[in-house]
Asks: 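Have a look at the structure that comes next, please.
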Protein chains: 2
Amino acid sequence: MDEKSEISKKLLPIMDTMELLSGRWKIIIMTTLYLGGRMRFNEIKRSIPRITGRVLSKDLKFLEQHDIVSRTVKDTSPITVEYELTEYGRTLDPVFKELTHWGIKHRKKIIGLG
Amino acid sequence: MDEKSEISKKLLPIMDTMELLSGRWKIIIMTTLYLGGRMRFNEIKRSIPRITGRVLSKDLKFLEQHDIVSRTVKDTSPITVEYELTEYGRTLDPVFKELTHWGIKHRKKIIGLG
DNA sequence: TATACCGGTTACTTTAAGGATACTTAATTG
DNA sequence: CAATTAAGTATCCTTAAAGTAACCGGTATA
């Protein structure tokens with residue numbers, strides 16, 4: 001195997017994961033649902049300062065399509081829609097744990113330097 | 001502590017880490033250096049199809065400023081510049097391992113469905 | 001009657017990241 | 001002498017993501 005295909009082989013799964021994490025709001029939405037459990041559209045919106053309905057809607061749809069988040073329409077009046085992390089979405093937990101762990105050490109390093 | 005500041009507390013380190021990983025090329029550059037060890041600017045460039053010198057230069061500078069990559073000018077003629085992951089850069093390894101691990105399972109799931 | 005909330009969608013504008021290309025200085029090769 | 005390599009920089013352009021704001025049908029409240 002040449003150098004470039006070895007790089008590709010290493011990169012592909014990393015890029016696959018990153019596709020789900022990248023963007024300004026996706027991680028914030030996932031963390032919000034992780035902490036908040038089952039939440040309605042406007043609950044999520046109110047929990048995340050400055051997010052717009054357009055982006056929240058778009059990102060939730062994306063996450064639903066990738067089976068990270070589930071969407072349930074409740075037959076109330078007016079209807080409400082509940083979102084929560086799927087079981088599969090929760091398998092991202094170790095990823096978030098590592099991101100968190102490294103971030104905490106990184107912040108300590110930066111503050112230590114400052 | 002209210003809901004929003006709890007979310008912020010969880011998010012901050014994640015966002016700190018993501019800052020270093022986000023963008024189209026940073027992860028590719030880091031993976032290339034991880035596999036290739038010490039490399040010159042144009043070696044890196046040739047290893048990464050379609051990257052432009054402008055972006056490679058910019059991203060390497062960013063990574064150097066964050067102590068992920070070291071830059072060494074060699075007194076050859078013409079001068080050459082070598083880049084490699086710093087010891088600190090290599091502490092990102094567990095992060096990449098998790099991203100890889102999840103990505104492999106994710107790909108299997110997607111192929112399984114298709 | 002009208003005002004607000006529910007969960008969105010549509011159309012338009014702005015911003016940031018990245019791409020394309022030319023250029024730089026100094027040395028080397030043919 | 002002309003072309004090439006090295007490691008970039010400068011300038012302009014394109015694109016994709018996100019922001020802004022208006023609007024939708026349906027329901028409920030004052």
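What you are looking at is a predicted structure, and each value in this text was computed from that prediction instead of being measured.
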Asks: Counting just side-chain N and O atoms, does A:R71 come under 4.0 Å of either OP1 or OP2 of C:dG8?
Replies: yes
Asks: Heavy atoms under 4.0 Å, any strand shown: does B:S77 hit a base, just sugar-phosphate, or nothing?
Replies: sugar-phosphate
Asks: Looking at A:S57, I'd like to know whether one of its side-chain N or O atoms comes within less than 4.0 Å of OP1 or OP2 on C:dT9.
Replies: yes
Asks: Grab the NZ-C1' distance between A:K58 and D:dT20 for me, whole Å please.
Replies: 15 Å
Asks: Which part of the nucleic acid does A:R50 contact within heavy-atom distance under 4.0 Å: base, sugar-phosphate only, or nothing?
Replies: nothing
Asks: Expressed in angstrom and rounded to an integer, what is the separation of A:I79 atom CD1 from D:dT27 atom C1'?
Replies: 10 Å
Asks: For the CD1 atom of A:I51 and the CG atom of A:L56, what is their distance to the nearest 0.5 Å?
Replies: 4.5 Å
Asks: Expressed in angstrom and rounded to an integer, what is the separation of B:F41 atom CZ from C:dT24 atom P?
Replies: 18 Å
Asks: CG of A:L56 versus P of C:dC6: gap in Å, rounded?
Replies: 13 Å
Asks: Verify the cluster assignment for B:I104 and B:L35: are they in a single hydrophobic cluster under the rule of side-chain heavy atoms below 4.5 Å apart?
Replies: no
Asks: Measure from NZ or CZ of A:K26 to the centre of the six-membered ring of A:F62, then state whether that distance is under 6.0 Å and the direction lies within 45° of the axis.
Replies: yes
Asks: Scan residues 16-26 of chain A against DNA chain D and write down, sorted by residue number, each residue with any heavy atom closer than 4.0 Å; if none is found, say none.
Replies: A:G23, A:R24, A:W25
Asks: Send over the distance from B:E43 CD to D:dA6 C1', rounded to a whole Å.
Replies: 12 Å
Asks: Quick check: is B:L12 connected to A:I111 through a chain of hydrophobic side chains (ILVMFWY, heavy atoms under 4.5 Å apart)?
Replies: no
Asks: Between C:dG8, D:dA6, C:dC6, which nucleotide gets closest to the side-chain atoms of A:V81?
Replies: C:dG8
Asks: Which word best sums up how the rings of A:H106 and B:Y88 line up, parallel for under 30°, tilted for 30 to 60°, or perpendicular for over 60°?
Replies: parallel
Asks: Can you tell which of B:K109, B:R107, B:K108 makes a salt bridge (Lys or Arg N to Asp or Glu O under 4.0 Å) with A:D16?
Replies: B:R107
Asks: Calculate the interatomic distance between A:I51 atom CD1 and D:dT20 atom C1'; express it in whole Å.
Replies: 15 Å
Asks: Could you state the CG-P distance from B:L60 to D:dA6, rounded to the nearest angstrom?
Replies: 16 Å
Asks: Please determine whether a side-chain nitrogen or oxygen atom of B:K74 lies at a distance below 4.0 Å from atom OP1 or OP2 of D:dA7.
Replies: no
Asks: Determine to 10° how strongly the helix from C:dT1-D:dA30 to C:dG30-D:dC1 is bent, judged from the axes of its five-pair ends.
Replies: 20°
Asks: Any side-chain N or O of B:K45 under 4.0 Å from OP1/OP2 of D:dG8?
Replies: no
Asks: Do B:I79 and B:K74 come within less than 4.5 Å of each other through their side chains, counting heavy atoms only?
Replies: no
Asks: Would you mind reading off the distance between B:D59 atom CG and C:dA16 atom P, rounded to a whole angstrom?
Replies: 17 Å
Asks: State which of D:dA7, C:dG18, C:dG7 makes the closest approach to the side chain of B:T80.
Replies: D:dA7
Asks: For a side chain to side chain contact (heavy atoms under 4.5 Å, CB included) with A:I68, tell me which candidate from A:L92, A:T91, A:L33 qualifies.
Replies: A:L92
Asks: Counting only heavy atoms not in B:H66, do more than 12 sit closer than 6.0 Å to its NE2 atom?
Replies: yes
Asks: Hey, which sits more toward the 5' end of DNA chain D by its nearest nucleotide, A:P78 or A:T52?
Replies: A:T52
Asks: Does the side chain of A:T72 come within less than 4.5 Å of A:V81's, by heavy atoms?
Replies: no
Asks: Ignoring hydrogens and geometry beyond distance, is the side chain of A:R54 in donor-acceptor contact with the base of D:dG19 at under 3.5 Å?
Replies: yes
